[in-house]
Amino acid sequence: MTDSEPRILHPDDPGYAAGDRAAKAGPVRATASAAREAIRQRPGVDKVYRTGVKVVGGTTVGLGVVLMPLPGPGALIALGGLAVLGTENEKAKKLNQQGVELAKRAAAAAKARRDARRAARTTTEAPSQHPTGGSRGTPS
(Lines give C-alpha, C1' and ligand atoms only; values in the text may rest on other atoms or scores of the structure.)
Protein backbone atom coordinates (compact mmCIF):
# COMPACT_ATOMS: atom_id res chain seq x y z
CA MET A 1 0.00 0.00 0.00
CA THR A 2 1.35 3.46 -0.86
CA ASP A 3 0.89 6.66 1.12
CA SER A 4 -1.64 7.98 -1.39
CA GLU A 5 -4.02 5.05 -0.92
CA PRO A 6 -6.59 5.40 1.87
CA ARG A 7 -6.08 3.06 4.81
CA ILE A 8 -9.05 0.89 5.70
CA LEU A 9 -9.37 0.07 9.38
CA HIS A 10 -10.12 -3.51 10.41
CA PRO A 11 -11.68 -4.68 13.71
CA ASP A 12 -8.28 -5.65 15.13
CA ASP A 13 -6.72 -2.23 14.39
CA PRO A 14 -6.19 0.15 17.35
CA GLY A 15 -8.32 2.97 15.91
CA TYR A 16 -11.28 0.83 14.88
CA ALA A 17 -13.38 1.35 18.04
CA ALA A 18 -12.70 5.11 18.08
CA GLY A 19 -13.88 5.39 14.49
CA ASP A 20 -17.01 3.42 15.33
CA ARG A 21 -17.82 5.73 18.26
CA ALA A 22 -17.24 8.78 16.07
CA ALA A 23 -19.58 7.43 13.38
CA LYS A 24 -22.38 7.51 15.93
CA ALA A 25 -21.60 11.18 16.72
CA GLY A 26 -22.25 12.38 13.17
CA PRO A 27 -20.69 12.44 9.71
CA VAL A 28 -18.37 15.40 10.28
CA ARG A 29 -17.02 14.03 13.54
CA ALA A 30 -16.68 10.58 12.04
CA THR A 31 -14.60 11.94 9.17
CA ALA A 32 -12.48 14.08 11.49
CA SER A 33 -11.93 11.22 13.92
CA ALA A 34 -10.99 8.81 11.15
CA ALA A 35 -8.57 11.36 9.68
CA ARG A 36 -7.01 12.02 13.09
CA GLU A 37 -6.64 8.29 13.72
CA ALA A 38 -4.94 7.87 10.34
CA ILE A 39 -2.57 10.71 11.24
CA ARG A 40 -1.72 9.05 14.58
CA GLN A 41 -0.68 5.89 12.76
CA ARG A 42 2.21 7.72 11.03
CA PRO A 43 4.70 9.28 13.49
CA GLY A 44 6.19 11.78 11.02
CA VAL A 45 2.81 13.05 9.89
CA ASP A 46 1.61 13.11 13.51
CA LYS A 47 4.53 15.31 14.54
CA VAL A 48 3.85 17.75 11.68
CA TYR A 49 0.12 17.80 12.54
CA ARG A 50 0.78 18.49 16.24
CA THR A 51 3.26 21.22 15.37
CA GLY A 52 0.72 22.81 13.01
CA VAL A 53 -1.98 22.72 15.69
CA LYS A 54 0.39 24.35 18.18
CA VAL A 55 1.39 27.06 15.72
CA VAL A 56 -2.20 27.87 14.73
CA GLY A 57 -3.49 27.73 18.32
CA GLY A 58 -0.59 29.74 19.74
CA THR A 59 -0.88 32.38 17.03
CA THR A 60 -4.62 32.67 17.66
CA VAL A 61 -4.10 33.02 21.41
CA GLY A 62 -1.40 35.65 20.80
CA LEU A 63 -3.66 37.59 18.44
CA GLY A 64 -6.47 37.48 20.99
CA VAL A 65 -4.19 38.76 23.75
CA VAL A 66 -2.99 41.62 21.52
CA LEU A 67 -6.60 42.53 20.67
CA MET A 68 -7.88 42.44 24.27
CA PRO A 69 -7.29 46.15 25.01
CA LEU A 70 -9.14 47.15 21.85
CA PRO A 71 -12.91 47.14 21.52
CA GLY A 72 -13.93 43.82 20.07
CA PRO A 73 -13.76 40.12 20.70
CA GLY A 74 -10.10 39.79 21.79
CA ALA A 75 -10.91 37.52 24.73
CA LEU A 76 -13.10 35.31 22.56
CA ILE A 77 -10.34 34.98 19.99
CA ALA A 78 -7.90 33.98 22.74
CA LEU A 79 -10.39 31.39 24.04
CA GLY A 80 -10.77 30.06 20.51
CA GLY A 81 -7.01 29.65 20.27
CA LEU A 82 -7.03 27.78 23.57
CA ALA A 83 -9.75 25.53 22.19
CA VAL A 84 -7.53 24.74 19.20
CA LEU A 85 -4.60 24.01 21.51
CA GLY A 86 -6.91 21.94 23.71
CA THR A 87 -7.45 19.44 20.92
CA GLU A 88 -3.88 18.21 21.45
CA ASN A 89 -2.97 19.38 24.96
CA GLU A 90 -4.89 18.46 28.11
CA LYS A 91 -3.55 21.46 30.06
CA ALA A 92 -4.77 23.89 27.40
CA LYS A 93 -8.14 22.13 27.37
CA LYS A 94 -8.54 22.62 31.15
CA LEU A 95 -7.41 26.24 30.89
CA ASN A 96 -9.94 26.83 28.10
CA GLN A 97 -12.74 25.29 30.20
CA GLN A 98 -11.83 27.58 33.10
CA GLY A 99 -11.77 30.59 30.78
CA VAL A 100 -15.17 29.71 29.33
CA GLU A 101 -16.65 29.32 32.82
CA LEU A 102 -15.17 32.67 33.85
CA ALA A 103 -16.59 34.31 30.71
CA LYS A 104 -20.03 32.83 31.42
CA ARG A 105 -19.96 34.10 35.01
CA ALA A 106 -18.84 37.55 33.84
CA ALA A 107 -21.61 37.66 31.23
CA ALA A 108 -24.21 36.64 33.83
CA ALA A 109 -22.95 39.29 36.24
CA ALA A 110 -23.04 41.96 33.52
CA LYS A 111 -26.59 40.94 32.58
CA ALA A 112 -27.68 41.11 36.23
CA ARG A 113 -26.16 44.60 36.60
CA ARG A 114 -27.82 45.75 33.36
CA ASP A 115 -31.20 44.39 34.45
CA ALA A 116 -30.81 46.06 37.86
CA ARG A 117 -30.01 49.42 36.20
CA ARG A 118 -33.02 49.07 33.91
CA ALA A 119 -35.29 48.23 36.82
CA ALA A 120 -33.98 51.18 38.86
CA ARG A 121 -34.36 53.51 35.89
CA THR A 122 -37.95 52.49 35.21
CA THR A 123 -38.97 52.91 38.87
CA THR A 124 -37.38 56.37 39.13
CA GLU A 125 -38.66 57.56 35.74
CA ALA A 126 -42.23 56.34 36.11
CA PRO A 127 -43.51 59.26 38.28
CA SER A 128 -41.94 61.91 36.02
CA GLN A 129 -43.70 60.73 32.85
CA HIS A 130 -46.64 62.91 31.84
CA PRO A 131 -49.91 61.06 31.31
CA THR A 132 -50.76 63.01 28.14
CA GLY A 133 -47.64 61.80 26.36
CA GLY A 134 -45.60 64.99 26.78
CA SER A 135 -41.84 64.88 27.02
CA ARG A 136 -40.25 64.06 30.34
CA GLY A 137 -39.04 66.80 32.61
CA THR A 138 -40.93 69.69 30.94
CA PRO A 139 -43.78 71.35 32.80
CA SER A 140 -47.16 71.34 31.15
Side-chain angles (χ1 to χ4, degrees):
M1 178 186 321
T2 64
D3 286 340
S4 62
E5 294 177 13
R7 184 172 186 284
I8 298 173
L9 292 176
H10 300 287
D12 56 336
D13 288 341
Y16 186 80
D20 191 37
R21 284 191 305 272
K24 294 176 183 172
V28 174
R29 270 191 195 223
T31 304
S33 179
R36 183 65 185 107
E37 198 58 44
I39 289 170
R40 281 192 182 111
Q41 299 298 320
R42 297 187 175 104
V45 176
D46 188 46
K47 193 172 194 173
V48 170
Y49 174 81
R50 286 176 178 263
T51 302
V53 167
K54 289 175 185 176
V55 167
V56 169
T59 302
T60 306
V61 169
L63 178 66
V65 169
V66 168
L67 292 176
M68 277 186 194
L70 302 174
L76 294 177
I77 292 171
L79 285 175
L82 276 175
V84 170
L85 288 173
T87 63
E88 294 298 320
N89 185 334
E90 193 62 36
K91 203 173 204 178
K93 190 175 194 174
K94 287 180 183 179
L95 187 60
N96 184 43
Q97 289 171 346
Q98 291 173 350
V100 168
E101 287 300 317
L102 180 66
K104 286 180 180 180
R105 285 196 308 264
K111 184 179 184 310
R113 283 192 305 268
R114 185 187 68 218
D115 292 344
R117 278 194 310 267
R118 284 183 179 170
R121 187 173 30 213
T122 57
T123 58
T124 58
E125 291 178 355
S128 65
Q129 291 178 348
H130 196 270
T132 61
S135 61
R136 287 183 274 153
T138 57
S140 40

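Numbers here simply count residues along the sequence, with the first being 1. Not measured: the values here are computed from a predicted model.
The salt bridge (charged side-chain N to carboxylate O under 4.0 Å, His left out) search around R50 returns D46, E88, not counting sequence neighbours. Take K91 and apply the side chain to side chain donor-acceptor pair (under 3.5 Å) test, not counting sequence neighbours, and it matches no residue.
In this structure, CG in L85 is found 9.0 Å from CG in N96, a value given to the nearest 0.5 Å. Taken from CG in N89 to CG in L95, the straight-line distance is 9.5 Å, to the nearest 0.5 Å. Atom-to-atom distance recorded for L82:CG and Q98:CD is 10.0 Å, nearest 0.5 angstrom. From R117, atom CZ reaches atom CZ of R114 across 8.5 Å, with rounding to the nearest 0.5 Å.
Residue pairs that meet the salt bridge (Lys or Arg N to Asp or Glu O under 4.0 Å) test with at least one member in residues 92-108, sequence neighbours left out, do not exist here. For residues 54-74, the set of pairs meeting the salt bridge (Lys or Arg N to Asp or Glu O under 4.0 Å) definition, not counting sequence neighbours, is empty.
Summarising the hydrophobic clusters (Ile, Leu, Val, Met, Phe, Trp, Tyr; side-chain heavy atoms under 4.5 Å, direct or chained), the residues clustered with L67 are L63, L70, I77. As a member of the Ile/Leu/Val/Met/Phe/Trp/Tyr network built from side-chain separations under 4.5 Å, V56 groups with I39, V45, Y49, V53, V84.
Closest heavy-atom contact between G86 and A92: N-CB, 3.8 Å. In terms of heavy atoms, G81 sits closest to V61 at C-CG2, 3.5 Å. Nearest heavy-atom pair, A78 versus M68, reported as atom, atom and distance to 0.1 Å: CB-CE, 3.8 Å.
Under the 4.5 Å side-chain heavy-atom criterion for grouping Ile, Leu, Val, Met, Phe, Trp and Tyr, V66 is not connected to L79 through any hydrophobic cluster.
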